[in-house]
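Everything on this sheet refers to the single structure shown next.
Labels below follow one simple rule: chain letters A, B, ... track the order of the sequence lines, proteins then strands, and each chain is numbered from 1. For clarity, every value in this text was computed on a predicted model and none was experimentally measured.
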Protein chains: 2
Amino acid sequence: MGQITLKDIAKALNLSPSTVSRAMQNHPAISPGTRRIVQEYAEEHKYKPNTLAMQLRTNRNNTIGVIVPEIVHYFFSTVLSGIQQEAENEGYNLLFCHSNEDYEREVRSVKTLLDARVCGILASQSKTTNHFQHFQEIIDNDVHLVFFDRICTGINTDKVVIDDYAGALHAVDHLIQTGCSRIAFLGSSPSMPIANNRRMGYEDALRRHKLPIDKRLSRICDTVELARAVVPEMLQLDPVPDAFFCINDEVAAYAMQIAKSAGFRVPEDISVCGFTNSYITDVTDPTLTTVDQHGFEMGQVAVRLLINRITGKETKQGVVSRLIKTELVVKNSTRSL
Amino acid sequence: MGQITLKDIAKALNLSPSTVSRAMQNHPAISPGTRRIVQEYAEEHKYKPNTLAMQLRTNRNNTIGVIVPEIVHYFFSTVLSGIQQEAENEGYNLLFCHSNEDYEREVRSVKTLLDARVCGILASQSKTTNHFQHFQEIIDNDVHLVFFDRICTGINTDKVVIDDYAGALHAVDHLIQTGCSRIAFLGSSPSMPIANNRRMGYEDALRRHKLPIDKRLSRICDTVELARAVVPEMLQLDPVPDAFFCINDEVAAYAMQIAKSAGFRVPEDISVCGFTNSYITDVTDPTLTTVDQHGFEMGQVAVRLLINRITGKETKQGVVSRLIKTELVVKNSTRSL
DNA sequence: CGGGCGTATGCATACGATTGCACAAATAAA
DNA sequence: TTTATTTGTGCAATCGTATGCATACGCCCG
């Protein structure tokens, strides 16, 4: 109807479908004459091979599924952009799912991707996920799975993560070197490996400089709403913190805002450091020192790892872990050396 | 091999594939006994219908392609999120492409999606696109096409756009009512319908209040780089503008930053208004008055329109245009009434 | 002239699922 | 008992492509 098929060409040229098929793929057993006739006819009638049919034959559809917990989000959209570019380069299509930090939607997404029979899945876990059966099912179905950033500790599979420990260590070290000594850590639930690794980096940086670790300076505060409650409390402490090291740029921006309206100068009285290096770090006043996570690179690395598993180029038996380097980006919310 | 098929079940139960198929879909001609046996066996062996096979039969793969010019972008990621949710609700998969504002990649994306034989395509044009043949090809292939936001004027097809005219009119009206009279417009190339409609809204608001339209106050300035060059020039004008109405939030944030460091107070001396209502509007100092574009809704509306075309529920012969309402969000970069 | 060989093409089948039609068995009606 | 009707299954073809194997033809050589 809409699209012309091999059979149509065969009928029109009085050939068999097999001949036409072979002619199209430049099979040596086809005479140059026939080949030319077929290819010209195909060209003229805009023949397009039906990928669905080939996929059915080969039982492979050249498609990778990706599950992202949030998309209106600087870091994850950056990762997605890296994933997309690399997948396109390698000739894979991308089936896109969005869990929206919702466990139920995450489960549905996995089901969708398995139903679509993708060759592999890239996933970052939702914050509300506590059961891992759906991820296990991916593996049980012999579909390759690579976690990125928010890895699932309950599942044994390849992963690509940010070097959160080093990033935090480096950032806190910078705060100390620029004269801060009472540094607050606004983190996430320790059940998230990301947050836990950063806390360890934070504490190790303090230890290296022989600074005390004050439990009151370490709080869970990973959303804007929490910041509005937690930051004012911390500003009541005596002595007051002279720096905030924050789990993400949004919290850092709000902490800065709250500190400023409480009468503190940034960075003279209080330094603030974020994590991600999103757009907002350039529009706050002062601009926000932060840790770049190299999200684009993470996306590329994750895709390459997944494709190497799919094609069998990556042969390691156990789990492959890739670590993405971070980079401290000093702007104006921390003092200069 | 990996997956069990209808035939496998048939062989195991000594039935024909047809019977098994019918049993699975609760066909009335199948005896309850057989049905139970089949369904239990299928359940136990985790049978999953091969969607590729069904897609081949029906020649429909329940997949929608989406082409986004930028993804690390508040507005477009918001639209994508609306698209994803609505597509998922309607049982469609999403094949994701990213042109990255690059004409060549946009062309490749279209090819990719047509090769994948998607049922329909949602697209927003890249800034660098001047030829439309690839979009025309979509239509020539009888694939449904809906443009959103950045529509392609050279192609006659359904579209969903923001009510840019009303949004601009409303915003500028607010600036005037709060006492501004020399309002600058930082826009985009007039070849983009978006920018042109906003300019018309801007000018009509001025006319309504019998304010002069000064050509020097209207400039192309839609990137951060341009802002750094253009805004300082405008601050040299005599008399100086008392408001900036900007094409997006980034430009607005930078305009504000530049004005502040030039010694102007915001909003007392100069009001600033952005467009989009992205995250950054809450972290600038002062927070940024802006126009919300309801991107999530735009995504939903676009998907629904596309699906109604695919399913034939939308029967209108000509072009269907949907208009998304905007909403002025007054924050602290404009004066109060 | 016939056997052998190479070349070019067609036939048949497969991928996995669906579906119109035929058919057998069982039941109901006459 | 015979005929009609229902009920449950199976056969075969289909979607579009790819491929092993058979076959037809022409040609060369013995």
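In this structure, of D:dC21, D:dT17, C:dA17, it is C:dA17 that holds the atom nearest to the side chain of B:N50. Between C:dG16, D:dT9, C:dG10, one nucleotide has an atom nearer to the side chain of B:I30 than all others, and that is D:dT9. With distances taken from any side-chain atom of B:M54 to the nucleotides C:dT9, C:dA17, D:dG8, the minimum falls on C:dA17.
A:P49 comes within 4.0 angstrom of sugar-phosphate atoms only, judged by non-hydrogen atoms across all strands, and of no base. Nucleic acid contact for A:S31: sugar-phosphate only, since backbone atoms but no base atoms lie under 4.0 Å from a heavy atom of the residue. Backbone-only contact: B:T5 has heavy atoms under 4.0 Å from sugar-phosphate atoms and none from a base. Residue contacts shown for B:N59 are absent, as no nucleic acid heavy atom lies under 4.0 Å away. Among the heavy atoms of the strands, none lies under 4.0 Å from A:L52. Nucleic acid contact for B:L56: base, since at least one base atom lies under 4.0 Å from a heavy atom of the residue. Residue B:T58 is out of contact with every strand shown, counting any heavy-atom pair closer than 4.0 Å.
Residue B:R57 places no side-chain atom within donor-acceptor reach of the base of D:dG16, judged by atom type and a 3.5 Å distance cut-off alone. A donor N or O paired with an acceptor N or O is not found under 3.5 Å between the base of C:dG16 and the side-chain atoms of A:R117.
Side-chain N/O atoms of B:S16 include one lying less than 4.0 angstrom from OP1 or OP2 on D:dG10. At C:dC15, one or more side-chain N or O atoms of B:K7 fall inside 4.0 Å of OP1 or OP2 (strictly under the cut-off). OP1 or OP2 of D:dT9 lies within a sub-4.0 Å distance of a side-chain N or O belonging to B:T34. Here A:K48 does not reach the OP1 or OP2 of D:dG16: none of its side-chain N or O atoms lies under 4.0 Å away. Taking 4.0 angstrom as the limit, B:S21 places none of its side-chain polar atoms (N or O) nearer than this to OP1 or OP2 of C:dA17.
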Intermediate values then yes/no, salt bridge (Lys or Arg N to Asp or Glu O under 4.0 Å), B:E297 and B:R322:
CA-CA 11 Å; B:E297 186 191 345; B:R322 292 277 152 75; over 6 Å; no

A:Q84 and B:N100: CA distance, side-chain angles, deciding distance, side-chain hydrogen bond (donor to acceptor under 3.5 Å, both in side chains) verdict
CA-CA 10 Å; A:Q84 214 285 326; B:N100 201 28; over 6 Å; no

Between A:E70 and A:K127, does a salt bridge (Lys or Arg N to Asp or Glu O under 4.0 Å) hold up when you go through it step by step?
CA-CA 10 Å; A:E70 261 180 273; A:K127 278 183 189 167; 5.0 Å; no

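For the pair A:Q55 CD and D:dC15 P, the computed distance is 19 Å after rounding to whole Å. D:dT9 atom C1' lies 15 Å from atom CD of B:Q25, rounded to whole Å. Rounded to whole angstrom, the span from the CZ atom of A:R22 across to the P atom of C:dT9 amounts to 10 Å.
At a threshold of 4.5 Å between non-hydrogen side-chain atoms, the residues A:R35 and A:H27 do not count as touching.
Ring pair A:F76/A:H73 is tilted by interplanar angle, where 30° to 60° counts as tilted.
Of the residues listed (B:R309, B:H144, B:R60), the one engaging B:C119 in a side-chain contact (heavy atoms from CB on, under 4.5 Å) is B:R60, and it is the only one.
Each of B:A29 and A:L6 has a nearest nucleotide on DNA chain D; the 5'-most of these lies closest to B:A29.
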